[in-house]
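Written below as structure tokens is the structure these notes are about.
Because only heavy atoms are used, hydrogens play no part in the values below, and waters and symmetry mates are left out as well, while side chains stay in.
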Amino acid sequence: MQDMSNEIVFFDLETNVPNKPGQKFWVLEFGAMVVCPRKLVELESYCTLIRPGDLSAVGLNPARCHGISRGTVLNAPSFEEVADKIFKILNGKIWAGHNIRRFDCVRIKEAFKEIGRPAPEPVALIDSLGVLSEKFGKRAGNMKMASLAAYFGLGEQKHRSLDDVRMNLEVLKHCATVLFLESAVPGVLEDQWQHNSSPNITTRSRSNVVIKEPSVPTTMNKVWHEDQKSSISSPMKKRCHQDQATPMMTTRSRSKVSKPSAEETNRKSPSVLNRHRVVPYPTGSLGQMTEKVKNILQNARKTPLNSLLKHSHTLLK
């Protein structure tokens with residue numbers, strides 16, 4: 001009769017990556033940690049490198065994913081030699097791990113089948129990939145163990161079996177704590193990550209708004225310039241050409257606006273954003289026009305409306 005218990009065993013496998021037609025997965029490393037489900041303390045751990053049946057499936061140089069090379073596993077025991085220990089640590093326990101349902105569990109059954117022995121059976125299965133995808137969401141950007149560990153500041157994933165198993169447990173502890181706190185104050189903390197988890201979202205803060213002056217006139221500006229050529233004096237045309245040839249970068253935040261140069265200080269701009277545009281009258285006659293408008297407004301009560309509009313129109317020509 002097999003020994004059943006409520007102990008949780010976190011386990012992880014490192015394998016080769018098949019890159020040829022017909023090439024199979026070989027288990028290169030097995031790591032497991034038995035945990036008390038009530039205190040989450042480590043009761044037992046086991047880790048071993050495994051020499052594959054086909055050494056050519058392992059590269060001569062260390063693989064980038066786990067750093068295991070052909071030389072690393074050359075003198076390691078075969079899977080058959082460590083099968084008893086692996087069976088004992090897994091059988092009849094609650095299996096836990098990240099993405100073990102689709103990968104690690106399948107590889108274990110294949111490895112035992114390869115040596116003609118029955119595979120260990122779990123009493124229950126906890127796949128942290130599925131659990132966290134449903135409960136925790138993609139707050140870390142994606143559901144990879146490396147991303148989740150970085151999100152909580154747990155360091156880099158080493159891609160070695162026992163190290164990854166221990167990191168898996170720590171990630172679960174942190175996620176569970178966050179979910180527990182959110183459940184304690186529903187509607188206050190829950191879903192807050194959706195608003196501030198992405199570092200690439202541009203906010204509407206005025207201090208972040210950057211306005212770039214185009215170096216060439218737009219189509220609308222071009223049409224307007226052509227219509228106004230006859231009414232703009234030569235000095236004004238020269239000034240307009242200088243303004244268009246000098247692109248500017250300004251912001252809406254006063255604290256971040258760079259100090260203007262002497263040339264820019266001498267230029268008066270009708271815009272609060274320091275945009276340089278052409279006004280429909282020469283600046284030299286601005287004072288005269290203002291005086292005329294003032295006189296017209298003073299006599300507006302005695303002047304018929306049609307005459308007032310006609311006279312105002314002539315001032316803008």
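- Comment: Lys24 engages Glu114 in a salt bridge, judged by a side-chain N to carboxylate O separation of less than 4.0 angstrom.
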Asn99 vs Met145, test: side chain to side chain contact (heavy atoms under 4.5 Å, CB included). Steps then yes/no. CA-CA 10 Å; Asn99 196 30; Met145 182 60 61; over 6 Å; no
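- Asn168 is not listed as a side-chain neighbour of Met33, based on a closest heavy-atom distance of 4.5 Å or more.
- Between Thr48 and Pro77, the closest side-chain pair of non-hydrogen atoms falls below 4.5 Å.
- Residues Glu44 and Lys85 come closest through the heavy atom pair OE2-NZ, 3.4 Å.
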Decide side chain to side chain contact (heavy atoms under 4.5 Å, CB included) for Phe11 and Ile86; before the verdict, give the C-alpha distance in whole Å, the side-chain angles of both, and the deciding distance to 0.1 Å. CA-CA 10 Å; Phe11 74 99; Ile86 293 176; over 6 Å; no
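- Distance check, rounded to the nearest 0.5 Å: CD1 of Ile8 to CG of Leu125 gives 11.5 Å.
- Looking only at side-chain heavy atoms (C-beta outward), Gln23 and Asn16 come within less than 4.5 Å of each other.
- Here His159 pairs with nothing under the ring-ring contact (aromatic ring centres under 6.0 Å, His included) rule; sequence neighbours left out.
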Does Val82 form a side chain to side chain contact (heavy atoms under 4.5 Å, CB included) with Phe30? I'd like the steps, not just the answer. CA-CA 10 Å; Val82 296; Phe30 173 87; over 6 Å; no
Give the C-alpha distance, both sets of side-chain angles, the deciding distance and a yes or no for side chain to side chain contact (heavy atoms under 4.5 Å, CB included) between Leu148 and His98. CA-CA 11 Å; Leu148 291 165; His98 202 68; 4.0 Å; yes
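- With hydrophobic clusters built from ILVMFWY side chains whose heavy atoms lie under 4.5 angstrom apart, Tyr46 shares a cluster with Trp95.
- Judged purely by atom type and a 3.5 angstrom limit, Glu29 has no side-chain atom pairing as donor or acceptor with the backbone of Glu14.
- The distance from atom NE2 of His174 to atom OH of Tyr151, rounded to the nearest 0.5 Å, is 11.0 Å.
- A salt bridge links Arg166 with Glu42: at least one charged nitrogen is closer than 4.0 Å to a carboxylate oxygen.
- The local environment of NZ in Lys113 is sparse, with at most 12 non-hydrogen atoms from other residues, nucleotides or ligands closer than 6.0 Å.
- Counting non-hydrogen atoms of other residues, nucleotides and ligands closer than 6.0 Å to CD of Gln157 gives a total above 12.
- Here the side chains of Ser45 and Leu162 are in contact, with some heavy-atom distance below 4.5 Å.
- At a threshold of 4.5 Å between side-chain heavy atoms, the hydrophobic network of Ile, Leu, Val, Met, Phe, Trp and Tyr places Leu40 and Phe152 in one connected group.
- At a threshold of 4.5 Å between side-chain heavy atoms, the hydrophobic network of Ile, Leu, Val, Met, Phe, Trp and Tyr places Phe79 and Phe103 in two separate groups.
- Expressed to the nearest 0.5 Å, how far CZ of Arg160 lies from SG of Cys65 amounts to 10.5 Å.
- Considering only heavy atoms from C-beta on, Asn6 comes within 4.5 Å of Arg38 through its side chain.
- Between Phe112 and Ala83, the shortest heavy-atom contact is CZ-O, 3.7 Å.
- Between the side chain of Asp104 and the backbone N or O of Leu13, at least one donor-acceptor pair lies under 3.5 Å.
- Arg117 has its side chain within reach of Asp84: a pair of non-hydrogen atoms, C-beta onward, lies under 4.5 Å apart.
- When every heavy atom of Val165 is checked against every heavy atom of Gly31, the shortest pair comes out as CG2-O, 3.7 Å.
- For the pair Leu169/Lys173, a side-chain contact is recorded, criterion being any heavy-atom separation below 4.5 Å from C-beta on.
- Taking a 6.0 Å sphere around NZ of Lys158, one finds it holds 12 or fewer heavy atoms contributed by other residues, nucleotides or ligands.
- Separation of atoms CG (Leu74) and OG (Ser69) is listed at 9.0 Å; rounding is to 0.5 Å.
- Of all heavy-atom pairs spanning Ile50 and Ser78, the tightest one is CG2-C, 3.9 Å.
- Clustering ILVMFWY residues whenever any of their side-chain heavy atoms sit less than 4.5 angstrom apart, transitively, puts Met167 in a cluster other than the one holding Ile68.
- Interatomic distance, CZ of Arg51 versus CG of Leu28, reported as 12.0 Å (0.5 Å rounding).
- In this structure, the separation between CG on Leu132 and CD on Glu134 is 10.0 Å, given to the nearest 0.5 Å.
- Grouping the Ile, Leu, Val, Met, Phe, Trp and Tyr side chains by contacts below 4.5 angstrom, directly or via other members, places Val106 apart from Val17.
- The shortest side-chain heavy-atom distance between Pro52 and Val73 falls under the 4.5 Å cut-off.
- Across Val9 and Ala32, no two heavy atoms sit closer than the pair CG2-CB, 3.9 Å.
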Acceptor/donor pairs from residues 53-60 side chains to any protein atom, 3.5 angstrom cut, sequence neighbours excluded:
residue	atom	partner	partner atom	Å
Asp54	OD1	Ser56	N	3.1
Asp54	OD1	Ser56	OG	2.5
Asp54	OD2	Ser56	OG	3.1

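- Listed by chain and number, the residues in a side-chain contact (heavy atoms from CB on, under 4.5 Å) with Lys144 are Asn142, Ser147 (sequence neighbours excluded).
- In terms of heavy-atom proximity, Ser161 sits nearest to Cys47 at CB-SG, 4.5 Å.
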